[in-house]
2 protein chains.
Amino acid sequence: MELFAVPDLPEIRDGDDLAAMIDERADLREDDVVVVASTVVSKAEGRTYNLDDFEPSPRANEVADRLAEIAGDEKDPRFAQAVLEESAELIMEAPFLLTATRFGHIGVNAGIDRSNVPGGDLLLLPERPSESAARIREGIAADRVVVSDTCGRPFRHGQRGVAIGWAGLPASRDWRGERDRDGREMGVTVQNVIDELASAANLVAGEGDGGTPVVVVRDWAFGDHEGSDNHFREVEGDFVRQALRDWSYEDH
Amino acid sequence: MELFAVPDLPEIRDGDDLAAMIDERADLREDDVVVVASTVVSKAEGRTYNLDDFEPSPRANEVADRLAEIAGDEKDPRFAQAVLEESAELIMEAPFLLTATRFGHIGVNAGIDRSNVPGGDLLLLPERPSESAARIREGIAADRVVVSDTCGRPFRHGQRGVAIGWAGLPASRDWRGERDRDGREMGVTVQNVIDELASAANLVAGEGDGGTPVVVVRDWAFGDHEGSDNHFREVEGDFVRQALRDWSYEDH
Ligand SMILES: Nc1nc2c(ncn2[C@@H]2O[C@H](COP(=O)(O)OP(=O)(O)O)[C@@H](O)[C@H]2O)c(=O)[nH]1
Ligand SMILES: Nc1nc2c(ncn2[C@@H]2O[C@H](COP(=O)(O)OP(=O)(O)O)[C@@H](O)[C@H]2O)c(=O)[nH]1
Ligand SMILES: [Mn+2]
Ligand SMILES: [Mn+2]
Ligand SMILES: [Mn+2]
Ligand SMILES: [Mn+2]
């Protein structure tokens with residue numbers, strides 16, 4: 001398996017044909033997986049906004065005030081408004097905003113970025129990243145596309161690459177029913193390969209001004225396994241999400 | 001960046017010199033990262049046990065009974081005992097055992113495996129995986145070692161590779177203070193590269209009878225960044241862990 005960045009991509013702007021720009025710059029093969037950072041998908045899809053585009057509701061003011069009180073410095077209610085508009089559920093209100101986006105991804109601030117955004121204050125995530133992935137896939141020679149983001153998680157420090165959209169491959173390899181080395185049937189083992197692909201790509205793309213938002217994964221086979229497209233957990237069955245709903249920062 | 005599995009590793013047994021076995025089979029370079037599945041580290045370190053090695057305490061019986069009631073089938077109190085002995089904290093008791101190991105990793109059943117374990121019922125995680133990584137590093141030509149496991153997580157379906165031990169490189173790249181593409185200082189951005197390396201390696205190793213527990217990552221540079229060795233979150237500051245402590249399955 002080999003990973004390399006697509007070279008010489010310019011600053012991406014609203015309306016750019018990202019697929020064509022990628023396809024021109026890399027000699028893609030059909031069985032490559034192309035991992036595209038959500039940042040550039042968002043830029044191409046016109047998801048760049050200014051804070052002034054968001055008119056704070058009373059709820060956004062309340063949320064921002066509470067965060068400001070905890071942090072001891074000002075929080076912009078326009079930003080809180082943007083987060084609320086991008087979210088299907090506000091899971092934690094303090095000490096930071098943990099939300100579920102409409103497409104099911106759970107992250108801080110609905111994944112809104114304030115780095116690497118020339119010409120705007122805010123970059124929202126793509127509205128439907130799997131549809132973005134499918135559109136990019138149509139325009140390139142490779143058959144598999146993952147749209148990635150970088151985000152934090154419980155229990156472990158730091159951020160890592162994750163998949164928020166995918167097309168042309170299942171989200172996971174399902175090993176259930178297959179045999180282990182001892183010939184025993186394996187327990188519940190579903191390997192989320194799109195998150196692993198996004199993490200691998202992030203090692204090459206990085207977070208700074210490197211300018212390499214698109215990474216090609218070559219010579220990686222999904223293999224002869226069942227596939228599953230379950231990716232984001234539903235509330236039912238996600239005990240962590242349920243526990244967070246019941247939890248309050250001020251009680252601690 | 002390139003990844004390949006170390007070929008022809010046999011079944012690993014208690015007392016095996018894993019470092020020598022790896023070094024013989026791969027023409028390692030100094031700047032390679034060698035990612036070793038915890039399974040084989042555990043086997044070499046004699047962490048294979050039988051259920052009969054664990055004498056259930058009253059607490060273990062209580063925990064197993066509660067799980068059995070929820071699941072509607074029997075749960076072995078000896079297994080519950082093994083999990084309790086391996087754990088510094090039992091964070092969730094139902095509907096599954098979520099624990100923190102002594103070395104700080106949070107996972108279901110203290111990471112005890114029941115697949116790929118010939119000659120025993122249970123395979124415990126290495127006692128101190130970063131010390132294991134350091135020992136392996138001493139015996140191979142490569143300078144960087146990650147010990148990995150596969151585990152699940154909140155919010156997202158499926159399992160993915162994570163790092164539980166490391167030597168010769170920091171856990172994370174710290175981008176704070178560096179500049180983004182717009183020349184702005186970046187927000188809090190700490191990229192956990194050892195988890196990303198473990199995920200990348202897991203794409204090659206897989207979960208089944210593939211027999212490839214050691215993966216070499218070649219031509220990947222940490223780069224000119226500050227490093228951080230913060231990897232497992234402490235309870236303070238981990239709001240998810242706090243919320244789970246307060247939460248009870250039966251109330252829902
Ligand atoms: N060429 C190019 N690179 C970009 C652009 N925007 C971001 N990048 C690069 O893409 C990579 C990932 O950017 P990041 O902001 O971390 O994206 P995210 O992980 O999807 O939030 C970094 O190497 C950035 O320098 C762009 O418009 N053009
Ligand atoms: N050669 C060899 N491969 C093994 C051995 N034990 C496990 N594996 C392989 O190592 C890989 C990872 O095994 P797994 O049980 O998922 O390890 P974990 O992710 O660390 O829990 C799979 O490809 C297994 O087939 C062993 O003793 N020898
Ligand atoms: Mn982002
Ligand atoms: Mn990023
Ligand atoms: Mn394991
Ligand atoms: Mn595994």
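Protein chains get the first letters and strands the later ones, always in sequence-line order, with residue 1 at the start of each.
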Point to revise | Interface residue of largest heavy-atom contact number with chain A, from B/Gly206, B/Gly210, B/Ala5, under 4.5 Å | key: B/Gly206
**Study point:** B/Ser172 side, atom OG; A/His157 side, atom NE2 - distance, nearest 0.5 Å
**Key:** 9.0 Å
**Study point:** Heavy-atom pair count under 4.5 Å with chain B, highest-scoring of A/Ser228, A/Ala163, A/Ala221, A/Gly223
**Key:** A/Ala163
Check your understanding: Heavy-atom count around A/Asp224 CG within 6.0 Å, excluding the residue itself: above 12?
Key -> no
**Study point:** Interface moiety of A/His225 toward chain B, non-hydrogen atoms closer than 4.5 Å
**Key:** neither
Check your understanding: Between CD of B/Glu196 and CD of A/Gln159, what distance do you get to the nearest 0.5 Å?
Key -> 9.5 Å
Check your understanding: Any side-chain heavy-atom pair from A/Leu197 and B/Leu203 closer than 4.5 angstrom?
Key -> yes
Practice item. Would you check if B/Arg156 and A/Arg233 make a side-chain contact, meaning some heavy-atom pair closer than 4.5 Å? Key: no
Practice item. Please determine, among B/Val162, B/Asp113, B/Thr150, B/Ile91, the option with the most heavy-atom pairs under 4.5 Å with chain A. Key: B/Val162
Revision key, fill the gap. Given A/Glu2, A/Glu234, A/His231, the one with more heavy-atom pairs under 4.5 angstrom with chain B than any other is A/His231
Exercise for review: Under 4.5 Å heavy-atom distance to chain B, tell me which part of A/Phe232 shows up: side chain, backbone, both or neither.
Suggested key: both
Practice item. Report, as yes or no, whether the 6.0 Å neighbourhood of atom CZ on A/Arg13 holds more than 12 heavy atoms from other residues, nucleotides or ligands. Key: no
Study note, to complete from the structure: Under 4.5 Å to a heavy atom of chain A? For B/Phe239 that would be both
Review point. Given that the side chain runs from C-beta out, which part of A/Phe96 has a heavy atom under 4.5 Å from chain B: side chain, backbone, both or neither?
Key: side chain
Study note, to complete from the structure: With chain A, the option among B/Gln191, B/Arg218, B/Arg114 that has the most non-hydrogen atom pairs under 4.5 Å is B/Gln191
**Study point:** Gap separating the CD atom of A/Gln242 from the OH atom of B/Tyr249, nearest 0.5 angstrom
**Key:** 9.0 Å
Practice item. Work out which heavy atom in B/Phe155 is nearest to a heavy atom in A/Pro154; give both atom names and the distance. Key: CE1-CG, 3.9 Å
**Study point:** chain B contact via A/Glu207 - which portion, at a heavy-atom distance below 4.5 Å
**Key:** both
**Study point:** For chain A, the option from B/Arg241, B/Met92, B/Glu11, B/Glu178 that forms the most heavy-atom pairs under 4.5 Å
**Key:** B/Glu11
Check your understanding: Is there side-chain contact between A/Arg153 and B/Asp195, with heavy atoms separated by less than 4.5 Å?
Key -> yes
Review point. Between B/Leu3 and A/Leu3, which heavy-atom pair has the shortest distance, and what is it?
Key: CD1-CD1, 3.7 Å
**Study point:** Heavy atoms of other groups near B/Glu226 CD, more than 12 under 6.0 Å
**Key:** no
Check your understanding: Counting heavy-atom pairs under 4.5 Å to chain A, which of B/Arg181, B/Arg173, B/His105 comes out on top?
Key -> B/Arg181
Check your understanding: Given a strict heavy-atom distance threshold of 4.5 Å, which part of A/Asn202 is in contact with chain B: side chain, backbone, both, or neither?
Key -> both
Point to revise | Main-chain N/O of A/Arg160 paired to B/Asn192 side chain as donor or acceptor, under 3.5 Å | key: no
